[in-house]
Each structure stands twice: as structure tokens, then as C-alpha cells.
Amino acid sequence: MKLHSQFLKLHSHYGQATEISVTLDELALVLDCTHRNVLHIINKMVKQAWITWTPRRGRGHRSIMEFLVPSEEIALQSMMQAISRQDIQHAIEGIKTHARSSALQDTLQGWLLTYFGHHSEIRSDKQIDTLRLPITQQLHSFDPLYMNLLAESFVASHVFDGLVARSGEGDKIIPGLAHAWEVDESRTVWTFFLRKEVLFHHGKVLVAEDVVYSFQRLMLTSQRTLYSFIYKEIQEVSALGHSAVRIQLKQPNELFLPFLCTSRAAIVPRKLEGMSELSFGRRPLGTGPFKVVEMNEDTCVLEVFPYYFQGRAHLDRVEVIYVPWDIEAASAENGAAFHVIQNPSSADPSSWSRIHSASSTRKFVTCNTKKKGPLSDPSLRAMIVSCLQEESICKESEQVAVQPCSLQIATIPQYAGDAEYIVAALARHGYACKIVTVSPEEFKGPIRLESDFIVFSLFRDQDEQLRLFDLYLTLAQHIEPHTRMDIESRLKRIAREPDSQARAAAFKQIEHRLTSEHHLHILYENPTQTAYLPSVRGVTFNSQGWVDLRHVWFPPLL
């Protein structure tokens, strides 16, 4: 392994030249070793047929070194050795270093996937089932207050529980930590009755005070988070003994109960058991079917929580591993956190079963019309947005001279490719754009009001109405006052509408107005799909369109 790294260091230092003139002193400086060690390293590389070495002795004479193999091949050998001994961290580092080589990625993909998927071993006459999952989003925090990414929410949905949950079928809401609930005639006072003897991962019993703390933490935070329009409407939350909680809203909101099904409303132990928020985010304590036992920059390890109140999961261990490039192109596009359970011995995709969830990801661009510039002019905005239509010929631009301007596009790194598509599309019609990419946390700040276009996505799952409400409420902040007043008025009526289908129709009306006035343009939409081998059993989706790991199982080893 060390020799591979030394070759790659030399190749990187001397660039693309296949033959170089060099002294031993120069090589010693590059490799940070002694003169004697340089000779030893060179001889080993010559034996491996990686290089040729033509020495020339004497002061002032330079030897000739020729590279015989490309750096990608040596990098591939190094990473495959790392994978074979299950040193996944070394392999990941290699991927990060050489991710720009598409040929290397294609070759390495099959080897790397042998590490992922289902692995079983027998310990003390018991079959231990481990599932290793690759994800393309780096995990930072599982704290319900600080999560930003779908992958984080995916893990959190297996670590925490909420008071209620989605059934996975339609709009039905089922008991979670609360076995029953009721609401008064005003639809503002909700009472939840907790299950008894539910355990947190550290062994303490869930009580009403934990629920009160969880919601008060949301109410008091200054953190800019998804669905804040819901929990900021909570007027008071109080414990009724140890097994009941009362939540009073400032005004009726029919999206409140659906909100309680989300990972944002997960219940945490009161005062986080004395942990800092940073520590809790990386080693959280929940009541879910899996507990976090390890968390670092690239890997999160979950172990089954055998005392889960809804029954033990079938898997014993789940390793979620960040891979900084597309393992599966379709997987990266739909944004799902769980994509493929692959049999290392089977490379034929036709042998996989495929299942579609009801969820999808919609990519879109919105216009900031509050910023002074071309997008604040309705006719010019319509002309510019029309240039994003597929196969658009942008006829208006032939009749109206393009005004010299520089448009700024704000997005997060995950959607940089979509932003680049917009830049290219507008450039073909004479509009110059620049892209500003910021972290998901920074994206919630003033960058949106400083930009002309904002590129983001909408994950369309059973929480879609919550996401739409949040999207349109945010979008209203950077459109002209007349349209803003109309959107906010419609949202208030939606919040009081008890019928889910009527709410969906109202959201559709908002979308129609925003698209017809060119405030919103939908780029494309991709469905969520999971591929797996027939040997995998129990593949079902949770409310967010992800595979529910608590039900996945594999036949016993025979």
C-alpha cells in the first residue's frame, strides 16, 4: 500500500510527463525520505514494472525515470487492496483523491459494491446480518433540530420515534409513542396518551417530560429549520402526569398532526441527558429500532435495539457509508438514501427486482423578483425563464435586444449540476450567469435574497403538503407584494382545511399562479426506485419513500 502511495505522489508531482530527468536528491525531497530509501523505493517500482530507471552517476548528471503505467491503474490497485481487507476508509480516501477520473470510477464501482449489500456471519451459533449502504450525501447531525439532508433524516427515522406516524399507505396516521390522542372542538388543544415502559437507547423510560422538552426545544430555538411555520404556532405544551401531554396551538392548523409524523418532531430525552447538542447530533439517544454506536466523517454504524417497543428489527447491524461520487447514477438523481442491495457475484441488472415508491424528487428554479434587476420586470422575466424550456427557441429574444446583465444563481453543492444546466441554457441566448454554492445551513440565510435565481428540490412523499407549505411560504418572501399577499392568504386557508384532497387542489392553484407568472419553473422530476435481489425479503417503504430497514431480512445461511 505504501509503495502505491509513493508512486502516486511521484506521478502527481511530475504531472503528465511519461519521462523525466531527475536527481536522487530531488526524489528524496518529493518522497520525504533519505537518499538510500529512494534507491530502495525505485528498485521496488522497477521490479513491479511500474517504471524504468536509467541512472547516470556523477555530479551534475541527471537520471532518467519513465512511468510505464498510468496513475489510475495504481490507484485502482491500491483501493482494491483496501476493499479486499475491508479497509473502507482508505478506499474512500482514494476515491476522493482520484474522483475526477471517470474511467477509474467505472472500474472501481464493481469492486466497491462487493463491500456493500448484505453480509452474514455466524457468531456463537447465531447468524449476524449486516447491511452496508452507500450514500452520496455526507452525514453531519441526526439531531432533529439540526438535520438538513435527506440522508440524515433517513437515518434519524430509524433512531427516533414521534408521537404518531404514517402508515405508509395513503394519508392514514397511526399511533407512535402515543397510543391514542384527541382534539377539542376548537382544533387547538391536542392531548396525547403515551405508551408505557417505552425505553430510550440508554435504558431510561420515556415519560411526558421528555415530550415537553422536545417541543419546547423546537419552540425556543433560533435555528432556521424546515416546518418552523408549524411549531412556532405552539402556544404551550404541558405534561399531564407521566403518561399524557397536552399541546395547545395559537390557532387551528390541520397540518399539525402530519407534522408530528416527521423526523423534525422526533422525541429526544429531556436535557439531552447532559450531552452537548454537537455530541448528541453524532451519538443521539432515541427510542427507535436502531441505535447509533459509531459516527465519523464517512461512516455511521447502527446496531439493533432489541427492546424496541414495536418489536425487534431483523437486521443486527447497518453501516451507512458516504461515497463521494455516484455509485448509481439514478440513485444520485432521485436523492433516496437507500438504493441497491447488490449481490457481489451478480453483475447482471436483469437479475434484480425493482420496486417504485410513491415518492419522487422535483428539481425547480425560483425567481427573486424583490431584487432590482431583469427578473423584476414581468415581460423580461418571462422571456428569460422561457429560455429554460426544453428545445425552446426563445423567440422573444430575437425581437428584443438582450440587455447586458449578470444573473446570480444560488444553490447547494448537491444541485450544482442543475445550476450549470441553467447557466448553459441561458448562455445560448446571451444571458451571463454565475453560480454561488453554499452549505444547506447558509442557504437558509440572506444568500437567496442576494441572488436572481434559486435552485433547489422538493421531495414529494407523504409529507409533500408540509414541504409545499414551507416552500411557498419561503418563496413569498422574494416576490412582489401583491402576489405575496395572495399566496399567504391561500396558505392560511390551506392550514384550516381539514380535507387533504382540498388542500392538494389549493396547492395546485398556487403552483399554477407561480408558474404562469414565471416565479417558479420546474426543471424535471425523477421517481424513487430501489433495486434489490429476490433473496432480499421485507422490502417496504416508509412515509418518506425510503426502504424501512426494520422490516428488511435475509434467509438464514444453510
Side-chain angles (χ1 to χ4, degrees), residues 133 135 137-165 176-177 198-204 206-207 209-232 234 237 259-303 305 308 318 320-322 337 412 414 438-445 459 463 466-467 470 542-544 546 549:
L133 305 178
I135 59 171
Q137 293 180 343
Q138 192 167 22
L139 304 173
H140 302 285
S141 176
F142 304 127
D143 187 332
L145 199 57
Y146 293 95
M147 294 184 301
N148 286 311
L149 302 175
L150 286 172
E152 293 170 343
S153 187
F154 165 70
V155 174
S157 69
H158 292 88
V159 174
F160 297 102
D161 291 292
L163 292 174
V164 293
L177 293 174
V198 173
L199 295 178
F200 283 104
H201 295 154
H202 61 320
K204 289 191 176 181
L206 168 80
V207 293
E209 285 78 7
D210 297 304
V211 179
V212 171
Y213 171 78
S214 298
F215 283 99
Q216 286 181 340
R217 188 168 177 252
L218 285 173
M219 295 161 60
L220 297 174
T221 185
S222 58
Q223 188 78 8
R224 297 184 293 267
T225 62
L226 192 64
Y227 311 144
S228 61
F229 70 92
I230 291 283
Y231 59 75
K232 293 301 182 183
I234 298 176
V237 55
F259 162 72
L260 297 185
C261 301
T262 69
S263 297
R264 193 70 67 187
I267 303 305
V268 303
R270 56 193 179 280
K271 298 183 180 179
L272 306 183
E273 289 301 317
M275 300 169 64
S276 69
E277 290 185 328
L278 178 61
S279 298
F280 185 81
R282 301 182 71 83
R283 294 295 292 271
L285 297 169
T287 59
F290 293 93
K291 58 183 178 181
V292 177
V293 297
E294 182 182 339
M295 171 72 172
N296 57 47
E297 187 179 69
D298 298 309
T299 305
C300 170
V301 179
L302 307 176
E303 287 186 355
F305 182 51
Y308 184 53
V318 179
V320 184
I321 300 168
Y322 167 62
I412 61 176
Q414 290 89 336
V438 295
S439 69
E441 188 60 35
E442 293 174 300
F443 191 76
K444 302 172 187 176
F459 193 55
D463 296 330
L466 285 165
R467 299 180 193 277
D470 201 88
N542 63 17
S543 64
Q544 294 173 311
W546 301 316
L549 297 180

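- Considering all non-hydrogen atoms of both residues, Ser153 and Ser263 come closest at OG-OG, 3.2 Å.
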> Is there a side-chain contact (heavy atoms from CB on, under 4.5 Å) between His140 and Asn148 once you walk through the steps?
Replying inline: CA-CA 9 Å; His140 302 285; Asn148 286 311; over 6 Å; no

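- Counting only heavy atoms from C-beta outward, the side chains of Ile267 and Phe215 approach each other to under 4.5 Å.
- In this structure, the side chains of Val159 and Leu302 come closer than 4.5 Å at one or more pairs of heavy atoms.
- Leu549 has its side chain within reach of Leu133: a pair of non-hydrogen atoms, C-beta onward, lies under 4.5 Å apart.
- The two atoms that bring Phe160 and Gly286 nearest to each other are CD2-CA, 3.7 Å, heavy atoms only.
- Minimum heavy-atom separation, Phe459 to Leu150: CD2-CD2, 3.9 Å.
- Counting only residues at least two apart or in different chains, salt bridge (charged side-chain N to carboxylate O under 4.0 Å, His left out) contacts with residues 145-160 are absent.
- For Lys232, there are no salt bridge (charged side-chain N to carboxylate O under 4.0 Å, His left out) partners, not counting sequence neighbours.
- Looking only at side-chain heavy atoms (C-beta outward), Val268 and Pro284 stay at 4.5 Å or farther from each other.
- Note: Phe200 CZ to Arg270 CZ = 8.0 Å, rounded to the nearest 0.5 Å.
- Partners of Glu294 under the side-chain hydrogen bond (donor to acceptor under 3.5 Å, both in side chains) rule, at least two apart in sequence or in another chain, are Asn296.
- One finds the CD atom of Glu273 at 7.5 Å from the CG atom of Asp210 (value rounded to the nearest 0.5 Å).
- Taking Tyr231 as the reference, Thr225 meet the side-chain hydrogen bond (donor to acceptor under 3.5 Å, both in side chains) condition, with sequence neighbours excluded.
- By the side-chain hydrogen bond (donor to acceptor under 3.5 Å, both in side chains) test, Gln414 is found to be paired with no residue, residues two or more places apart in sequence or in another chain being considered.
- One finds the OH atom of Tyr308 at 6.5 Å from the OG1 atom of Thr287 (value rounded to the nearest 0.5 Å).
- For the atom pair SG of Cys261 and CG of Asp161, the computed distance is 11.5 Å after rounding to the nearest 0.5 Å.
- Here Leu145 contributes atom CG and Leu272 contributes atom CG; the two are 9.5 Å apart, rounded to the nearest 0.5 Å.
- Minimum heavy-atom separation, Ala156 to Phe142: CB-O, 4.2 Å.
- In this view, Ser276 and Leu278, Ser279 satisfy the side-chain contact (heavy atoms from CB on, under 4.5 Å) rule, not counting sequence neighbours.
- For Leu226, the side-chain contact (heavy atoms from CB on, under 4.5 Å) criterion is met by Arg264, Arg467, Asp470, not counting sequence neighbours.
- In this structure, His201 and Phe305 have perpendicular ring planes: the angle between them is above 60°, well past the 30° mark.
- Taking the side-chain contact (heavy atoms from CB on, under 4.5 Å) definition, one finds that Val438 meets it with Val436, Glu442, Phe443, Ile447, sequence neighbours left out.
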>> Using the rule given for side-chain contact (heavy atoms from CB on, under 4.5 Å), can you reason through Leu285 versus Lys204, listing the C-alpha separation, both sets of side-chain angles and the distance that settles it, and then say yes or no?
In response: CA-CA 10 Å; Leu285 297 169; Lys204 289 191 176 181; over 6 Å; no

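- Listed by chain and number, the residues in a salt bridge (charged side-chain N to carboxylate O under 4.0 Å, His left out) with Lys271 amount to none (sequence neighbours excluded).
- Here the straight-line distance linking atom CG of Leu260 with atom CD1 of Ile230 works out to 8.5 Å at 0.5 Å rounding.
- Take Ser141 and apply the side-chain contact (heavy atoms from CB on, under 4.5 Å) test, not counting sequence neighbours, and it matches Asp143, Tyr146.
- Screening residues 274-293 for salt bridge (charged side-chain N to carboxylate O under 4.0 Å, His left out), with sequence neighbours left out, gives Arg217-Glu277.
- Residues that satisfy the side-chain hydrogen bond (donor to acceptor under 3.5 Å, both in side chains) test with Thr221, not counting sequence neighbours, are absent from this structure.
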